[in-house]
Amino acid sequence: MSKVFEIIEKEQKRQNETIELIASENFVSENVLKAVGSCLTNKYAEGYPEIERHSGNQGRYYGGCVYIDELEEYCCDQWRKVFHTDYHVNVQPHSGSQANFAAYMAVLRPGDTIVSMDLNNGGHLTHGSSVNFSGKLYNMVFYNTDENGFIDYEDIYEKVRQHKPALVLAGASAYPREIDFSKISDNIDKAVRDSNACDGTDYKRPFFMVDMAHIAGLVAAGEHTSPFGIADIITTTTHKTLRGTRGGLIFCKPELAKKVDSAVFPGSQGGGLQHIVAGKAVTAEEACTDAYKQYIQQVVRNSKAMAKRFKELGYDLVTGGTDNHLLLIDFSKTHPQLTGKDVQDELDKHGITLNKNCVPREKRSPKQASGVRIGTAAMTTRGYKEEDFIKVADRINEILQNM
Ligand SMILES: *Cc1c(COP(=O)(O)O)cnc(C)c1O
């Protein structure tokens with residue numbers, strides 16, 4: 001037997017024996033595993049199937065794509081069904097980062113200005129971090145969260161009015177509250193109007209992009225307001241709350257379809273990973289079921305129950321609680337001696353997996369950080385209910401008290 005399978009077996013055991021609280025992880029179904037482990041990995045299929053092709057794109061570059069085409073068209077249809085939308089969808093991005101790269105490429109030129117939320121406030125690397133392509137290729141302007149960690153919507157208005165970006169980005173990797181997409185869109189309109197009235201210029205409305213990588217499952221289940229109909233471009237991963245194969249998706253208004261498709265292929269990727277497209281199609285089928293809806297409702301109930309318990313135990317939560325699948329504990333006031341890194345390492349020793357996270361007004365480096373992020377999506381898949389998460393909160397408290 002290959003050494004690889006020994007390693008996989010060890011990892012399987014680790015997954016079975018730990019309490020998984022990393023907010024971006026989940027456990028996929030047997031069917032998703034079967035699809036991504038299928039013979040579709042053998043097939044080259046650069047390009048797009050006929051129906052998803054928009055004038056200018058060349059269809060497929062290889063023969064033998066008849067079933068691959070059927071699969072990709074089915075996959076696109078299923079994802080539109082998940083989000084009840086007629087937006088165009090590209091199911092080929094290899095990951096969330098690749099989806100964001102292609103989305104920017106579709107509508108921006110290097111040097112253009114993007115207004116987004118930075119990593120320290122809960123944004124993602126690809127939202128303009130200086131060590132990421134996004135921070136190197138584009139002129140980034142960041143909006144802030146207030147002292148309690150809530151998005152400062154007024155600051156979005158200010159930043160757009162002052163900097164006249166080509167794109168405004170909403171979405172986060174570590175934000176425990178519902179994001180008001182309509183409010184952001186209204187603030188963009190208002191900023192464009194005021195900017196033009198004030199300077200006598202003709203600044204056009206920037207593109208509004210939503211990266212819903214974390215909350216996509218909640219959007220699908222109706223537990224978070226939907227960005228469809230509001231945002232011009234929507235990117236997501238399929239492996240977080242959507243509980244599917246690792247991968248990315250880009251949705252856009254139909255008029256941007258050709259630009260988005262070209263930015264994915266040939267703009268930034270070669271042949272699609274068709275076994276992963278199959279995994280994404282199974283993920284979409286599952287996300288349409290009532291069982292999935294109930295799962296997401298349980299994820300949110302669990303997150304709220306755990307947040308309440310941590311508060312009872314004297315912990316400080318960023319924004320004081322949660323509306324979604326994750327919560328952020330801020331140790332800076334209540335436990336100033338604890339760093340996020342030390343907590344992460346100590347919990348690791350006790351079989352509890354989570355990650356350190358920056359908090360609002362962070363004083364430590366991101367490598368240390370003063371908080372941790374906790375998500376309930378993975379263990380809810382394992383069957384945990386409110387009382388189980390309350391027990392986990394108690395156990396974490398016990399471990400921290402002995403640190
Ligand atoms: C996870 C995440 C991504 C990137 O996903 P990868 O598949 O890891 O590249 C992008 N944006 C946000 C907001 C995320 O949380």
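If you read the sequence from its start, that first residue is 1, and numbering goes on from there. Start at 1 and go down the list; that is how both ligands and their atoms are numbered. The structure displayed is predicted, hence computed values, not measured ones.
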Under the criterion side chain to side chain contact (heavy atoms under 4.5 Å, CB included), I'd like the reasoning laid out for His350 against Arg395: C-alpha separation, chi angles, the key distance, then a yes or no. CA-CA 10 Å; His350 292 85; Arg395 178 80 186 114; 3.4 Å; yes
Decide whether [X] and [Y] meet the rule of one side-chain donor and one side-chain acceptor closer than 3.5 Å.
X	Y	result
Asn144	Asp152	no
Arg80	Thr85	no
Ser195	Arg161	no
Asp394	Asn397	no
Asn302	Thr380	yes

Under-4.0 Å heavy-atom contact with ligand 1, by part of [X] that carries it:
X	value
Ser24	neither
Thr235	neither
Ala213	side chain

What atoms in ligand 1 come closer than 4.0 Å to a heavy atom of [X]?
X	value
Ser173	12 (C), 13 (C), 14 (C), 15 (O)
Ser95	7 (O), 9 (O)
Ala172	13 (C)
Asn100	10 (C), 11 (N)
Thr237	5 (O), 7 (O)
His214	15 (O)
His239	7 (O)

Residue pair Glu178 / Asn324, side-chain heavy-atom distance below 4.5 Å: no
Could you find the nearest protein heavy atom to [atom] and give me its residue, atom name and distance?
atom	answer
atom 12 (C) of ligand 1	Asp211 OD2, 3.3 Å
atom 6 (P) of ligand 1	Gly96 N, 3.5 Å
atom 14 (C) of ligand 1	Lys240 NZ, 2.9 Å
atom 3 (C) of ligand 1	His124 NE2, 3.3 Å

Say whether Gln98 and ligand 1 are in contact under the criterion: heavy-atom distance to a ligand atom below 4.0 Å. no
Could you tell me if any non-hydrogen atom of Arg246 lies under 4.0 Å from any atom of ligand 1? no
Report the C-alpha distance between Phe208 and Leu167 in whole Å, list the side-chain angles of each, state the deciding distance to 0.1 Å, and finish with yes or no for side chain to side chain contact (heavy atoms under 4.5 Å, CB included). CA-CA 6 Å; Phe208 180 29; Leu167 186 141; over 6 Å; no
Excluding sequence neighbours, so at least two apart, what forms side-chain hydrogen bond (donor to acceptor under 3.5 Å, both in side chains) with Arg373? Ser24, His214, Asn355
Chi angles and distances behind the side chain to side chain contact (heavy atoms under 4.5 Å, CB included) call for Asp211, Thr236: CA-CA 6 Å; Asp211 176 354; Thr236 185; 5.6 Å; no
